[in-house]
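I have placed the structure first, in the form of structure tokens, so that the comments after it can refer back to it.
Predicted, not measured: the structure shown is a model, and the values here were computed from it.
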Amino acid sequence: MLTTVCPKLPMRHKALTLQYYIKLGFENKADFGNYLILSKDRIEIHFFEFVDLNPLDNYGQIYIRTDNIDNLYQELLKNNIEIHPNGHLKIQPWHQKEFSLLDPDNNLLTFGQNI
């Protein structure tokens, strides 16, 4: 039986990754030097060190479901989190209300809620 999924994303600089995700409300669950595990509510995101990563060549993406997207969006705006230029909060044709962010390594984080 499958119980959860924990995406793994590349990071160039652990300190920058940690700083960014702390601003998003994540906590540092575990630090293994070149491997980092961050958590918020019921999700975990794992990060592996990739110092030679060119962010422009990074296609790391995750989709995070939420049950209160409007509050999350407003909270991030209040904390001066930059929203992806093409990813502002909107209702998509696939019946999801979504917005997106890019982290310091160009990993795309899309947050969505069923409507």
Side-chain angles (χ1 to χ4, degrees):
M1 172 193 293
L2 302 178
T3 60
T4 190
V5 63
C6 300
K8 294 169 68 172
L9 297 174
M11 67 176 171
R12 291 173 295 157
H13 307 287
K14 181 173 55 176
L16 289 176
T17 297
L18 189 55
Q19 178 184 8
Y20 181 80
Y21 282 86
I22 294 292
K23 276 185 77 174
L24 296 182
F26 283 79
E27 295 179 4
N28 185 354
K29 185 172 180 179
D31 184 343
F32 299 100
N34 61 358
Y35 196 88
L36 189 60
I37 300 174
L38 304 177
S39 65
K40 181 177 180 174
D41 300 326
R42 295 181 299 188
I43 70 165
E44 283 183 2
I45 305 175
H46 295 213
F47 295 88
F48 60 94
E49 186 177 58
F50 186 179
V51 294
D52 294 327
L53 174 71
N54 178 348
L56 298 177
D57 292 334
N58 183 14
Y59 296 101
Q61 301 181 39
I62 58 174
Y63 193 99
I64 302 169
R65 295 207 184 270
T66 180
D67 59 4
N68 198 339
I69 197 156
D70 293 309
N71 282 355
L72 177 60
Y73 187 73
Q74 291 306 316
E75 177 184 320
L76 295 178
L77 289 176
K78 188 168 60 173
N79 290 331
N80 296 315
I81 301 296
E82 186 176 339
I83 306 300
H84 187 288
N86 298 322
H88 289 278
L89 186 63
K90 66 181 175 182
I91 297 173
Q92 300 290 2
W94 44 90
H95 307 291
Q96 297 288 307
K97 195 170 192 181
E98 297 178 348
F99 70 92
S100 298
L101 313 172
L102 285 172
D103 79 2
D105 295 302
N106 220 34
N107 292 301
L108 179 68
L109 310 175
T110 301
F111 297 85
Q113 180 177 353
N114 291 327
I115 56 166

Audit row: Ile81, Tyr73, side-chain contact (heavy atoms from CB on, under 4.5 Å) steps and yes/no: CA-CA 9 Å; Ile81 301 296; Tyr73 187 73; over 6 Å; no
Residue pair Ile43 / Phe26, side-chain heavy-atom distance below 4.5 Å: yes
NZ/NE/NH1/NH2 to OD/OE distance under 4.0 Å, Asp52 and Arg12: no
Carboxylate-amine/guanidinium contact Glu27 Lys40, below 4.0 Å: no
Could you pull out the closest heavy-atom pair between [X] and [Y], with the gap in Å?
{"X": "Leu16", "Y": "Pro104", "answer": "O-CG, 4.1 Å"}
{"X": "Ile83", "Y": "Ser100", "answer": "CG2-O, 3.5 Å"}
{"X": "Pro7", "Y": "Ile62", "answer": "CB-CG2, 3.3 Å"}
{"X": "Thr66", "Y": "Asn68", "answer": "OG1-N, 3.3 Å"}
{"X": "Glu82", "Y": "Leu101", "answer": "O-CD2, 3.5 Å"}

Worked verdict on Leu9 versus Asp105 for side-chain contact (heavy atoms from CB on, under 4.5 Å): CA-CA 9 Å; Leu9 297 174; Asp105 295 302; over 6 Å; no
Rounded to the nearest 0.5 Å, what's the gap from [atom1] on [X] to [atom2] on [Y]? Could you check?
{"X": "Phe99", "Y": "Thr110", "atom1": "CZ", "atom2": "OG1", "answer": "9.0 Å"}
{"X": "Leu24", "Y": "Phe111", "atom1": "CG", "atom2": "CZ", "answer": "6.0 Å"}
{"X": "Tyr35", "Y": "His46", "atom1": "OH", "atom2": "NE2", "answer": "5.0 Å"}
{"X": "Leu72", "Y": "Glu75", "atom1": "CG", "atom2": "CD", "answer": "6.0 Å"}
{"X": "Leu102", "Y": "Leu109", "atom1": "CG", "atom2": "CG", "answer": "7.5 Å"}
{"X": "Ile22", "Y": "Asn28", "atom1": "CD1", "atom2": "CG", "answer": "6.5 Å"}

Output yes when a side-chain donor or acceptor of [X] lies under 3.5 Å from a complementary backbone atom of [Y], and no otherwise.
{"X": "Lys14", "Y": "Gly33", "answer": "yes"}
{"X": "Gln113", "Y": "Ile69", "answer": "yes"}
{"X": "Asn107", "Y": "Gln61", "answer": "no"}
{"X": "His84", "Y": "Asn86", "answer": "yes"}

Taking everything shown except [X] itself, do over 12 heavy atoms lie less than 6.0 Å from its [atom1]?
{"X": "Lys23", "atom1": "NZ", "result": "yes"}
{"X": "Gln19", "atom1": "CD", "result": "no"}
{"X": "Asn54", "atom1": "CG", "result": "yes"}

If Ile, Leu, Val, Met, Phe, Trp and Tyr residues are connected whenever their side-chain heavy atoms lie under 4.5 Å apart, and connections chain through other members, are [X] and [Y] in the same group?
{"X": "Ile64", "Y": "Ile37", "answer": "no"}
{"X": "Phe47", "Y": "Leu53", "answer": "no"}
{"X": "Tyr21", "Y": "Leu77", "answer": "yes"}

Distance-only side-chain donor-acceptor flag, Glu98 / Tyr63, under 3.5 Å: yes
Asn114 and Gln96 side chains, donor-acceptor separation under 3.5 Å: yes
Leu89 and Asp70: CA distance, side-chain angles, deciding distance, side-chain contact (heavy atoms from CB on, under 4.5 Å) verdict: CA-CA 8 Å; Leu89 186 63; Asp70 293 309; 3.5 Å; yes
Phe48 and Phe50 aromatic ring geometry - parallel, tilted or perpendicular at 30°/60° bounds: parallel
